[in-house]
**Student:** 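Below is one structure. I have some questions about it.
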Amino acid sequence: MKAGIVGLPNVGKSTLFNCLSNAKAQSANFPFCTIEPNIGVVNVPDPRINKLEELVKPERVQMATVDIVDIAGLVKGASKGEGLGNQFLGNIRECNAIIHVLRCFDNDNIVHVDGNVNPIRDKETIDIELQLKDLETIEKRLEKVKRAAKTGNKEAQAEEALLNRIREALLQAKSARTIVPQNQDEEVLLESFQLITAKPVLYVCNVDESSAVNGNKYVDQVRELVKDEDAEVIVLSVGAEADITELESYEERQVFLEDMGLEEPGASVLIRAAYKLLKQQTYFTAGVKEVRAWTINIGATAPQAAGVIHTDFEKGFIRAEVISYDDYVHYGSEAKAKEAGKFRVEGKEYVVKDGDVMHFRFNV
């Protein structure tokens, strides 16, 4: 599962990517500096794993990760191939969610492709290009499905009706994610269309350091604009985050954050939000060899969770032994949680909860 960072050129995408991944993607003060997408595997900050490490004292610790992709800046006309349009849109189609970076700071030394700072216009520029690309996809699909629908094929008629609803929304400059599937068949169909504007989105307002805590007038404009979108808005000073990642020690970073009035780096908040946006959650395995966070889809069953460790675990699944994270921490160890009756045996139907500490029994 991958989240792609998108935005106009020079809004801070590559600098943000570097903060998140500690990779050094090229960033410079001119458009199209990023051409090939950079992919970073980013640890998901989770204080629970630190607590488990403290209790279990394992030989090693493995955190959950999320893939973040830094995609080339988009410009007007991208849907028609302007700039790196086709490449950009192909890269974004391969992602499962979108992190949309908006420039919300004034700085005469950093070029804006449209000459001045206006996050509302910037958002609309990108939305329109993505919507136009989706409209092209929908119209091609409609051409094919109309012929089958005319013959009385019920499935084709249902697909045609959904395609027309999406087309109507796109023509009104609304994204495909505003279309609510009316049943499970529509849900599956909508997924199969692989529309860019159907992907969940998170907005990152890139502000100057003094606005990192409370935001500014630009952030207020963005919040007002997206209030009906069911999308999270995160305020982040990408420049300050870059300075934080350059500091050597944890203590130095904490002093910097305190001076800014922040409890933790904004990058940590963003990574957790991206993880949630991808509909991911975590379960743990905890033993003296290793404490590890495993990533699963929300709603995964115990055998599916076991399969993340190894496919044999899923094939030969017998049962899952489960202690909730809160119980594990409250009693201080697996043995004490068992003594207190907080150890559960769950079968194939069990839906794993975020934070479960699990062992699997299997036989292949």
**Student:** Is Arg103 close enough and on-axis enough to Phe105, meaning under 6.0 Å and within 45°, for cation-pi?
**Tutor:**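 Flagged: Arg103 positioned over aromatic ring of Phe105.
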**Student:** Is it the case that the side chain of Glu129 and the backbone of Ile126 share a donor-acceptor pair, with hydrogens and angles ignored and the cut-off at 3.5 Å?
**Tutor:** no
**Student:** Taking Val44 as the starting point, is it possible to reach Leu202 by hopping between hydrophobic residues whose side chains are less than 4.5 Å apart?
**Tutor:**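 Yes, it is one cluster - the side chains of Leu202 and Val44 are joined through contacts under 4.5 Å.
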**Student:** Do you know the tightest heavy-atom contact between Ala149 and Gln157?
**Tutor:**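 In this case the closest contact between Ala149 and Gln157 is O-NE2, 3.3 Å.
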**Student:** Apply the test side chain to side chain contact (heavy atoms under 4.5 Å, CB included) to residues Val6 and Leu130: give CA-CA distance (whole Å), side-chain angles for both, the deciding distance (0.1 Å), then the verdict.
**Tutor:** CA-CA 11 Å; Val6 307; Leu130 300 184; 5.6 Å; no
**Student:** Regarding Thr65 and Asn43, do their side chains bring together a donor and an acceptor under 3.5 Å, going by distance alone?
**Tutor:**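 There is no such pair (donor and acceptor under 3.5 Å, judged by atom type) between the side chains of Thr65 and Asn43.
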**Student:** Under a 4.5 Å cut-off applied to non-hydrogen side-chain atoms, are Arg167 and Glu139 in contact?
**Tutor:** yes
**Student:** Going by side-chain hydrogen bond (donor to acceptor under 3.5 Å, both in side chains), Asn297 matches just one of Gln280, Gln304, Lys279, Gln281. Which one?
**Tutor:**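 Of all the options given, the one that passes is Gln280.
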**Student:** Has Arg361 got a side-chain atom pairing as donor or acceptor with Arg319's backbone, closer than 3.5 angstrom?
**Tutor:**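 No: the side chain of Arg361 does not pair with the backbone of Arg319.
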**Student:** Given side chains that start at C-beta, do those of Glu224 and Lys227 come closer than 4.5 Å, heavy atoms only?
**Tutor:** yes
**Student:** Using a 3.5 Å distance criterion without hydrogens, assess whether the side chain of Lys348 forms a donor-acceptor pair with backbone atoms of Phe317.
**Tutor:** no
**Student:** Under 4.5 Å between side-chain heavy atoms, counting indirect links through other Ile/Leu/Val/Met/Phe/Trp/Tyr residues: same cluster for Val269 and Val226 or not?
**Tutor:**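 As far as the 4.5 Å side-chain criterion goes, Val226 and Val269 are connected within one cluster.
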**Student:** Hey, mind stepping through Phe193 and Glu159 against side chain to side chain contact (heavy atoms under 4.5 Å, CB included) and telling me if it holds?
**Tutor:** CA-CA 10 Å; Phe193 299 157; Glu159 183 172 341; 3.7 Å; yes
**Student:** Quick test of your reading of the model: are Glu53 and Lys57 salt-bridged, counting only N-O distances below 4.0 Å?
**Tutor:**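 No salt bridge links Glu53 with Lys57.
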**Student:** Indicate the atoms forming the closest heavy-atom contact of Ala242 with Thr15, along with that distance.
**Tutor:**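 What the structure gives for the nearest pair is CB-CG2, 3.9 Å.
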**Student:** Could you grab the distance from atom OG1 of Thr137 to atom CD1 of Ile196, nearest 0.5 Å is fine?
**Tutor:**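 Here the interatomic distance stands at 7.0 Å.
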**Student:** Can you see which heavy atom on Glu241 is nearest to which on Ala267, and at what distance?
**Tutor:** OE1-N, 3.2 Å
**Student:** Shared ILVMFWY cluster between Met1 and Leu195, side chains joined below 4.5 angstrom?
**Tutor:** no
**Student:** Any carboxylate oxygen within less than 4.0 angstrom of a Lys/Arg side-chain nitrogen, looking at Glu143 and Lys146?
**Tutor:** no
**Student:** State whether Lys133 and Glu136 are salt-bridged, where the test is any N-O pair (Lys NZ or Arg NE/NH1/NH2 against Asp/Glu carboxylate O) under 4.0 Å.
**Tutor:**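 Yes, charged N to carboxylate O under 4.0 Å.
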**Student:** Any chance CD of Gln184 has more than 12 other-residue heavy atoms, nucleotides or ligands included, within less than 6.0 Å?
**Tutor:**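 Count not over threshold, so no.
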**Student:** Heavy atoms only: give me the nearest Asp134-Arg93 pair and the separation to one decimal.
**Tutor:**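 Where Asp134 meets Arg93 most closely, the heavy atoms are OD1-NH2, 4.1 Å.
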**Student:** Within this structure, what is the CZ-CD1 distance for the pair Phe17 and Ile39, rounded to the nearest 0.5 Å?
**Tutor:** 8.0 Å
**Student:** Between the side chains of Asn118 and Tyr218, is a donor N or O closer than 3.5 angstrom to an acceptor N or O?
**Tutor:**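 Distance-only check fails for Asn118 and Tyr218.
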**Student:** Please report the C-alpha distance between Asn153 and Thr151 in whole Å, then the side-chain angles of each, then the deciding distance to 0.1 Å, and finally whether the side chain to side chain donor-acceptor pair (under 3.5 Å) criterion is met.
**Tutor:** CA-CA 6 Å; Asn153 180 313; Thr151 66; 5.3 Å; no
**Student:** On a heavy-atom basis, which atom in Glu346 and which in Val322 lie closest, and how many Å separate them?
**Tutor:**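 In this case the closest contact between Glu346 and Val322 is CG-CG2, 3.8 Å.
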**Student:** Give a yes or no answer on whether the side chain of Glu321 reaches the backbone of Val345 with a donor-acceptor pair at less than 3.5 Å.
**Tutor:** no
**Student:** Carefully, step by step, assess Glu124 and Arg121 under the rule salt bridge (charged side-chain N to carboxylate O under 4.0 Å, His left out).
**Tutor:** CA-CA 5 Å; Glu124 284 171 355; Arg121 178 203 56 214; over 6 Å; no
**Student:** When you measure from the side chain of Asp356 to the backbone N and O of Met358, does any donor-acceptor pair fall under 3.5 Å?
**Tutor:** no
**Student:** Any salt bridge linking Glu186 with Arg165? Criterion: basic side-chain nitrogen under 4.0 Å from a carboxylate oxygen.
**Tutor:** yes
**Student:** Determine whether the side chains of Asp208 and Ser210 contain a donor N or O and an acceptor N or O closer than 3.5 Å.
**Tutor:** yes
**Student:** Are Ile92 and Val101 connected, step by step, through hydrophobic side chains (Ile, Leu, Val, Met, Phe, Trp, Tyr) whose heavy atoms are closer than 4.5 Å?
**Tutor:**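 Per the 4.5 Å side-chain linkage, Ile92 and Val101 are co-clustered.
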**Student:** For a side chain to side chain donor-acceptor pair (under 3.5 Å) check, start with the C-alpha distance between Ser175 and Gln131, then their side-chain angles and the critical distance, and finish with the verdict.
**Tutor:** CA-CA 6 Å; Ser175 293; Gln131 287 158 5; 3.2 Å; yes
**Student:** Applying side chain to side chain contact (heavy atoms under 4.5 Å, CB included) to Val207 and Leu236, what does each step give before you reach the verdict?
**Tutor:** CA-CA 6 Å; Val207 299; Leu236 202 67; over 6 Å; no
**Student:** Nearest 0.5 angstrom please: Leu170 CG to Ile179 CD1, how far?
**Tutor:**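 It is 7.5 Å, given to the nearest 0.5 Å.
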**Student:** Tell me, do Val56 and Tyr328 make a side-chain contact under 4.5 Å, heavy atoms counted?
**Tutor:**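 SC-SC contact between Val56 and Tyr328 confirmed.
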**Student:** Does Thr282 reach the side chain of Ile296, with side-chain heavy atoms less than 4.5 Å apart?
**Tutor:**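 They are not in contact (no side-chain heavy atoms under 4.5 Å apart), so the answer is no.
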**Student:** Please check if Leu262 and Val233 belong to a single hydrophobic cluster, counting links between Ile, Leu, Val, Met, Phe, Trp and Tyr side chain heavy atoms closer than 4.5 Å.
**Tutor:** no
**Student:** Is it true that, when you exclude Asp230 itself, more than 12 heavy atoms of the residues, nucleotides or ligands shown sit nearer than 6.0 Å to its CG?
**Tutor:**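 Atom CG in Asp230 is not crowded, with 12 or fewer foreign heavy atoms closer than 6.0 Å.
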**Student:** Hey, does Tyr350 have a side-chain heavy atom less than 4.5 Å from the side chain of Thr301?
**Tutor:**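 Thr301 vs Tyr350: side chains apart.
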**Student:** May I ask you to say whether Asp327 pairs ionically with Arg344, meaning some side-chain N is under 4.0 Å from a carboxylate O?
**Tutor:** no
**Student:** Is there a side-chain contact between Ile71 and Lys13 in this structure, where contact means two heavy atoms from C-beta onward sitting under 4.5 Å apart?
**Tutor:**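 Sidechains of Lys13 and Ile71: no contact.
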**Student:** Are Thr285 and His359 close enough, and set up right, to give a side chain to side chain contact (heavy atoms under 4.5 Å, CB included), and what steps lead you there?
**Tutor:** CA-CA 7 Å; Thr285 49; His359 287 295; 5.8 Å; no
**Student:** To the nearest 0.5 angstrom, please state how far the CG atom of Leu278 sits from the CG atom of Asp67.
**Tutor:** 9.0 Å
**Student:** In Å and rounded to the nearest 0.5 Å, what is the CD1 to OG1 distance from Ile98 to Thr197?
**Tutor:** 8.0 Å
**Student:** Hey, does the side chain of Asn206 reach the backbone of Val238 with a donor-acceptor pair shorter than 3.5 angstrom?
**Tutor:** yes
**Student:** Other residues, nucleotides and ligands only: do more than 12 of their heavy atoms fall within 6.0 Å of CD on Glu155?
**Tutor:**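 No - once you tally the heavy atoms of other residues, nucleotides and ligands closer than 6.0 Å, there are 12 at most.
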**Student:** Below 4.0 angstrom, N of the basic side chain to O of the carboxylate: do Glu264 and Arg272 qualify?
**Tutor:**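 Salt bridge present between Glu264 and Arg272.
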**Student:** Keeping Arg253 on the side-chain end and Leu247 on the backbone end, is there a donor-acceptor pair under 3.5 Å?
**Tutor:** yes
**Student:** For Glu168, is there an ion pair with Lys174 - N to carboxylate O distance below 4.0 angstrom?
**Tutor:** no
**Student:** Mind checking whether Tyr325 and Phe284 have parallel, tilted or perpendicular rings, split at 30° and 60°?
**Tutor:**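 The arrangement is tilted - the two ring planes meet at 30° to 60°.
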**Student:** Report yes if the side chains of Asn214 and Val219 come closer than 4.5 Å at any heavy-atom pair, otherwise no.
**Tutor:**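 In short, these two side chains do not touch, never coming nearer than 4.5 Å.
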**Student:** Considering all heavy atoms of both residues, which atom of Leu162 and which atom of Leu189 are nearest to each other, and what is their separation?
**Tutor:**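 Nearest heavy atoms, Leu162 then Leu189: CD2-CB, 3.8 Å.
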**Student:** So Phe362 and Phe313, ring-ring contact (aromatic ring centres under 6.0 Å, His included) or not? Walk me through it.
**Tutor:** CA-CA 6 Å; Phe362 71 103; Phe313 282 33; 4.1 Å; yes
**Student:** Under a 4.5 Å cut-off applied to non-hydrogen side-chain atoms, are Val69 and Ile5 in contact?
**Tutor:** no
